[in-house]
Novice: 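Please find one structure pasted underneath; my questions will follow.
Computation of the quantities below employed the complete heavy-atom set of this structure, encompassing side-chain atoms and omitting hydrogens, waters and symmetry-equivalent molecules.
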Amino acid sequence: MAQARVNYSHPAELRIAGYEALEKALGAEGAAIFMKQAFPSSGDYTKEKYDHPDISHEEAVALIKEYQRTKAAS
């Protein structure tokens, strides 16, 4: 069986291929358990959700662009 070609320099494509491989090897439940163990969350989603009220699409885009500018400058 031939493997699908993955563009390793494209982060999203590589992530998707990795998730698919995990699910194939471990099943959906096993992959989810592995992800929780391998990448534990340090945040509190519920608290953060209520700390930040809904914002408009335009505000979200502006925040993302600002984050990208900051990241590119560092």
Novice: Would you check if Val6 and Ile16 make a side-chain contact, meaning some heavy-atom pair closer than 4.5 Å?
Specialist: no

Novice: Do you know which of Glu59, Glu58, Lys65 makes side chain to side chain contact (heavy atoms under 4.5 Å, CB included) with Val61?
Specialist: Lys65

Novice: Among residues at least two apart in sequence or on other chains, which ones pass side-chain hydrogen bond (donor to acceptor under 3.5 Å, both in side chains) with Gln68?
Specialist: none

Novice: Quick one: name the residues clustered hydrophobically with Met35, using the 4.5 Å side-chain heavy-atom rule over I, L, V, M, F, W, Y, and just say none if it's on its own.
Specialist: Tyr19, Leu22, Leu26, Phe34, Phe39

Novice: Under the salt bridge (charged side-chain N to carboxylate O under 4.0 Å, His left out) test, which residues partner Glu29, sequence neighbours left out?
Specialist: none

Novice: Sub-3.5 Å donor-acceptor pair from the side chain of Glu13 to the main-chain atoms of Asn7, do we have one?
Specialist: yes

Novice: Return the CZ to CD distance between Arg15 and Glu20, rounded to the nearest 0.5 Å.
Specialist: 13.0 Å

